[in-house]
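Input: a single structure, listed below in structure tokens.
Here the structure is a predicted model, which is why all the values come from computation and not from measurement. Only this structure's heavy atoms are used, side chains among them; waters, hydrogens and symmetry mates stay out.
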Amino acid sequence: MKHLISLTLALSLLIVCAAGCSSSDSSKKSDSSAQTTPAITTIAVETNSEDDFVYKTENSEITITGYKGSSKTVGIPDKINNMPVTKIGEKAFDGFEEPGSDDSGAYYKTNNINSITAISLPDTVTELEEGAFVNCYSLTQITLGSGLTTIGEGSFACCDKLASVTIPDSVTQVGSYAFYECFGLTSVVIGKSVQTIGDYAFFHCNELQSANIPDSVNSLGTGLFAQCDYLTDVKLGTAITKIPDYAFYSNFGLKSINLSEGITYIGEDAFAGCSALEGITIPSTVTELGEAAFYSCTATTAISVPESVEKIGEHALGYMQVTSSASQDSSADSSANESSDDKIKLVDSFVIKSKKGTAAEKYAKDNNITFELE
């Protein structure tokens, strides 16, 4: 089993490489002592002149490919040259600039992109291409039009100050890394037509405290809400059949989640490190618990496992991570419960409840965990 203590770095490196996202302050973290949601001030946005944009024409439609204006608010026009604006192109508003050969470059581009605080899209826009607004470091407000259907990969990645997002009911797909490391994001409304949400879409959104996944969503990506430190409440729609790997990894503030009937798989490390999570109910439709699925869920000391579960991965239930010093200080009695890795031990007095002859009974026996018949 991999060491979870090093997984955070591994995930971060993987995602940065995949998303091409470069934050203006990658060390930014939320203050654990103050988790009140700040008031959000609405900024008025007027439509900009056509001359403020770089664009291309395809099939009598306009794709915005860049911005050359000077205003701090940007209203995308619905038409340019009497043709509808339908797309925001790949990295059209990317605020990152590569360092020069003498390593004297900065994170901020020399144009006005990094002073933009608010953007409004017309209803004609149907697609945000990959990285459309990536690294817009000053952006606090985005208004998405009612014609939008696709939010592409990394569209708003590393928009550090983006405070809230309402995804319109017209949207069907939210791409991978779409809101990756939007540290200031406190509120997300997901439209009722969204069907898929990609890998790491809300990874490390520190200030996000609740999420409501509508019934239209049938596919969730790996690491969807991983390291959303203060996400306390999540409601999952009824169409979801799989909780993907790392979905809620290290959400130490998560207290409750509804796992509805119809879910068949709870993935590897799906809830690992959710130390406040309690009252876990595994649906009777689940057939597999991935490796470390509920690792270090220390608020849970007893769990009922339905007889439908046929496979339970290593350390999926009843185990926790402790520091080396804590392991060294542990008593002789508890040392018998430690695995070969001295940073992993059983949760004190952990109990598994299930039917006789089930995979849960075998797992309990193999791991010296107390088993009770239901």
Side-chain angles (χ1 to χ4, degrees), residues 12 15-16 18-26 28 30 40 42-43 45 63-67 72-76 87-96 107-109 113-122 125-145 147-168 170-191 194 196-208 211 220-221 223-228 231:
S12 297
I15 296 164
V16 168
C21 179
S22 306
S23 175
S24 57
D25 184 3
S26 60
K28 190 177 293 184
S30 60
I40 298 172
T42 301
I43 302 171
V45 179
T63 297
I64 301 291
T65 59
Y67 177 70
K72 293 184 178 181
T73 63
V74 177
I76 307 292
K87 295 179 182 179
I88 307 300
E90 182 176 342
K91 296 186 178 181
F93 287 80
D94 184 0
F96 177 69
Y107 281 114
Y108 298 107
K109 281 189 173 178
I113 286 176
N114 281 295
S115 68
I116 297 172
T117 58
I119 295 173
S120 179
L121 302 182
V125 171
T126 61
E127 182 180 354
L128 306 183
E129 293 186 346
E130 180 178 346
F133 299 101
V134 64
N135 300 315
C136 284
Y137 303 128
S138 296
L139 185 67
T140 62
Q141 175 183 305
I142 182 70
T143 303
L144 303 176
L148 188 66
T149 61
T150 303
I151 297 176
E153 180 175 328
S155 287
F156 297 97
C158 291
C159 290
D160 296 350
K161 296 181 176 64
L162 186 62
S164 68
V165 172
T166 297
I167 298 174
S170 55
V171 172
T172 59
Q173 179 182 354
V174 177
S176 299
Y177 318 105
F179 298 94
Y180 162 75
E181 284 199 347
C182 287
F183 294 125
L185 195 63
T186 62
S187 172
V188 172
V189 177
I190 300 174
V194 173
T196 62
I197 304 177
D199 298 343
Y200 306 102
F202 295 96
F203 177 86
H204 214 177
C205 291
N206 280 340
E207 301 298 328
L208 189 62
L220 301 176
L224 174 68
F225 290 108
Q227 290 193 294
C228 292
L231 186 65

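Side chain of Q141 to main chain of A118: no donor-acceptor pair is present (N/O by atom type, distance under 3.5 Å, no hydrogens or angles). Put simply, the side chain of T63 never gets that close to the backbone of I88: no donor and acceptor are under 3.5 Å apart.
In this structure S115 satisfies the side chain to side chain contact (heavy atoms under 4.5 Å, CB included) test together with K72, N112, sequence neighbours excluded. Considering only residues two or more places apart in sequence or on other chains, T149 meets the side-chain hydrogen bond (donor to acceptor under 3.5 Å, both in side chains) condition with none of them. With sequence neighbours excluded, the residues that form a side chain to side chain contact (heavy atoms under 4.5 Å, CB included) with T150 are E127, Q173. For P168, the side chain to side chain contact (heavy atoms under 4.5 Å, CB included) partners two or more places apart in sequence, or in a different chain, are L144, S170, V171.
Minimum heavy-atom separation, A211 to F225: CB-CZ, 3.7 Å. Minimum heavy-atom separation, C159 to F133: SG-O, 3.1 Å. Contact detail for E129 and G89: the closest heavy-atom pair is OE1-CA, 3.3 Å. In terms of heavy-atom proximity, C136 sits nearest to I113 at SG-CG2, 4.1 Å. When all heavy atoms of I151 and A178 are compared, the pair lying nearest together is CG2-CB, 4.2 Å. Among all heavy-atom pairs drawn from Q227 and N206, the shortest one is O-OD1, 3.8 Å.
The shortest distance between side-chain heavy atoms of I190 and I197 falls below 4.5 Å. Looking at heavy atoms from C-beta onward, V174 lies in side-chain contact with I167 at the 4.5 angstrom threshold.
Each of N135, I64, L139, V134 was checked for a side chain to side chain contact (heavy atoms under 4.5 Å, CB included) with F93, and the lone residue meeting it is I64.
Residue F202 holds its CZ atom at 14.5 Å from OH of Y177, rounded to the nearest 0.5 Å. Taking SG from C205 and CG from L224, the interatomic distance works out to 9.5 Å, rounded to the nearest 0.5 Å.
Below 30°, between 30° and 60°, or above 60°: for F183 and H204 the angle between ring planes is above 60°, a perpendicular geometry.
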Item to check | Residue pair Y180, Y200: steps toward the ring pair (Phe, Tyr, Trp, His ring centres under 6.0 Å) verdict | outcome: CA-CA 7 Å; Y180 162 75; Y200 306 102; 8.2 Å; no
